[in-house]
Undergrad: 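Can you keep this structure in mind? I'll have questions shortly.
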Amino acid sequence: MPRQQVLNLKYAQLEVDIWAVAACLYNMLAGCFPRNFTGDRFLAVLQNESISIRQRDAVIMQPLAQVIDLALVDKPEIHFKSAAEFKRALLNAF
């Protein structure tokens, strides 16, 4: 879950779903969550940055890793604003 969803769920924009898709892709490829969770999960979302996917699994191709890492940027805002934009970035990674 991105910070924007924790801070302002009622007014979260569609890009929170793009962030969630990237987090699912991260989990499928690396086998773990993008953030480290210790203690309160909501505080972890607010305080912890996403860990680069290649730190979790160095075998993941660099271009794909860069797109996933960029998609998980949520501070100060979520990078990808639309599914189409995220899809183009993923396709360009191959």
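Values reported hereafter were calculated over all heavy atoms of this structure, with side chains retained and with hydrogens, waters and symmetry mates removed. Here the structure is a predicted model, which is why all the values come from computation and not from measurement. For this chain, numbers begin at 1 and follow the sequence in order.
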Undergrad: Kindly state each residue pair satisfying side-chain hydrogen bond (donor to acceptor under 3.5 Å, both in side chains) with at least one member in residues 17-30, sequence neighbours excluded.
TA: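 For residues 17-30, and leaving out neighbouring residues, the side-chain hydrogen bond (donor to acceptor under 3.5 Å, both in side chains) pairs sorted by first residue read Tyr26-Arg56.
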
Undergrad: Tell me whether Met1 shares a hydrophobic cluster with Val21, the cluster being built from Ile, Leu, Val, Met, Phe, Trp, Tyr side chains joined at under 4.5 Å.
TA: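 Shared cluster, no.
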
Undergrad: Can Val45 be reached from Ile78 by stepping across I, L, V, M, F, W or Y side chains whose heavy atoms are under 4.5 Å apart?
TA: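 Per the 4.5 Å side-chain linkage, Ile78 and Val45 are not co-clustered.
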
Undergrad: Quick one: closest heavy-atom pair of Leu64 and Leu29, and the distance?
TA: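 In this case the closest contact between Leu64 and Leu29 is CD2-CD1, 3.9 Å.
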
Undergrad: Just do the side chain to side chain contact (heavy atoms under 4.5 Å, CB included) check on Leu72 and Ile53 with the steps written out, would you?
TA: CA-CA 10 Å; Leu72 292 172; Ile53 194 168; over 6 Å; no

Undergrad: State whether the number of non-hydrogen atoms from other residues, nucleotides or ligands found under 6.0 Å of Leu91 atom CG is greater than 12.
TA: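 Correct, the count exceeds 12.
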
Undergrad: Sequence neighbours left out, what pairs pass salt bridge (Lys or Arg N to Asp or Glu O under 4.0 Å) with at least one residue falling in residues 29-40?
TA: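 Salt bridge (Lys or Arg N to Asp or Glu O under 4.0 Å) check on residues 29-40 returns Arg35-Asp74.
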
Undergrad: Please give me the minimum heavy-atom distance between Ser82 and Ile18, naming the atom from each residue.
TA: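 Smallest interatomic distance, heavy atoms only, reads C-CD1, 3.8 Å.
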
Undergrad: Hey, what do you get for CD (Glu15) to CD (Glu77), rounding to the nearest 0.5 Å?
TA: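 Reported to 0.5 Å precision, the distance equals 7.5 Å.
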
Undergrad: What's the verdict on side chain to side chain contact (heavy atoms under 4.5 Å, CB included) for Phe86 and Val67, showing C-alpha distance, side-chain angles and the deciding distance?
TA: CA-CA 8 Å; Phe86 184 45; Val67 172; 3.8 Å; yes

Undergrad: Any chance you could lay out the side chain to side chain contact (heavy atoms under 4.5 Å, CB included) test for Glu49 and Lys75, step after step, and finish with the verdict?
TA: CA-CA 9 Å; Glu49 301 295 327; Lys75 188 177 182 180; 3.6 Å; yes

Undergrad: Quick one: closest heavy-atom pair of Ala71 and Ala22, and the distance?
TA: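 Heavy-atom minimum between the residues: CB-CB, 3.4 Å.
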
Undergrad: Out of curiosity, Gln62 CD to Asp69 CG, how far, rounded to the nearest 0.5 Å?
TA: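 Answer for the CD-CG pair, Gln62 versus Asp69, is 8.0 Å.
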
Undergrad: Assess whether side chain to side chain contact (heavy atoms under 4.5 Å, CB included) is satisfied between Ile51 and Asn36, documenting all intermediate values.
TA: CA-CA 8 Å; Ile51 307 297; Asn36 289 329; 3.7 Å; yes

Undergrad: Does Phe37, at its CZ atom, have more than 12 non-hydrogen atoms belonging to other residues, nucleotides or ligands within less than 6.0 Å?
TA: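 It does: Phe37 CZ has more than 12 such atoms within range.
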
Undergrad: Going by the side-chain hydrogen bond (donor to acceptor under 3.5 Å, both in side chains) test, which pairs reach into residues 84-94, not counting sequence neighbours?
TA: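 Sorted pair list comes back empty.
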
Undergrad: How long is the span from the CD atom in Gln55 to the CD1 atom in Ile60, to the nearest 0.5 Å?
TA: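 So the CD of Gln55 and the CD1 of Ile60 are separated by 11.5 Å.
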
Undergrad: Drop me the distance from Asn48's CG to Leu43's CG, to the nearest 0.5 angstrom.
TA: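 Those atoms lie 9.0 Å apart.
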
Undergrad: Is it possible for you to say whether Val73 and Leu46 belong to one hydrophobic cluster, with membership spreading through side-chain heavy-atom contacts below 4.5 Å?
TA: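 Per the 4.5 Å side-chain linkage, Val73 and Leu46 are not co-clustered.
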
Undergrad: If hydrophobic clusters are built by linking Ile, Leu, Val, Met, Phe, Trp and Tyr wherever their side-chain heavy atoms come under 4.5 Å apart, do Val6 and Phe33 end up in the same one?
TA: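 Looking at the clustering, Phe33 is in the same group as Val6.
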
Undergrad: Consider only side-chain heavy atoms of I, L, V, M, F, W and Y, link residues closer than 4.5 Å, and tell whether Leu70 and Leu14 are in one cluster.
TA: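 No, Leu70 and Leu14 fall in different hydrophobic clusters.
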
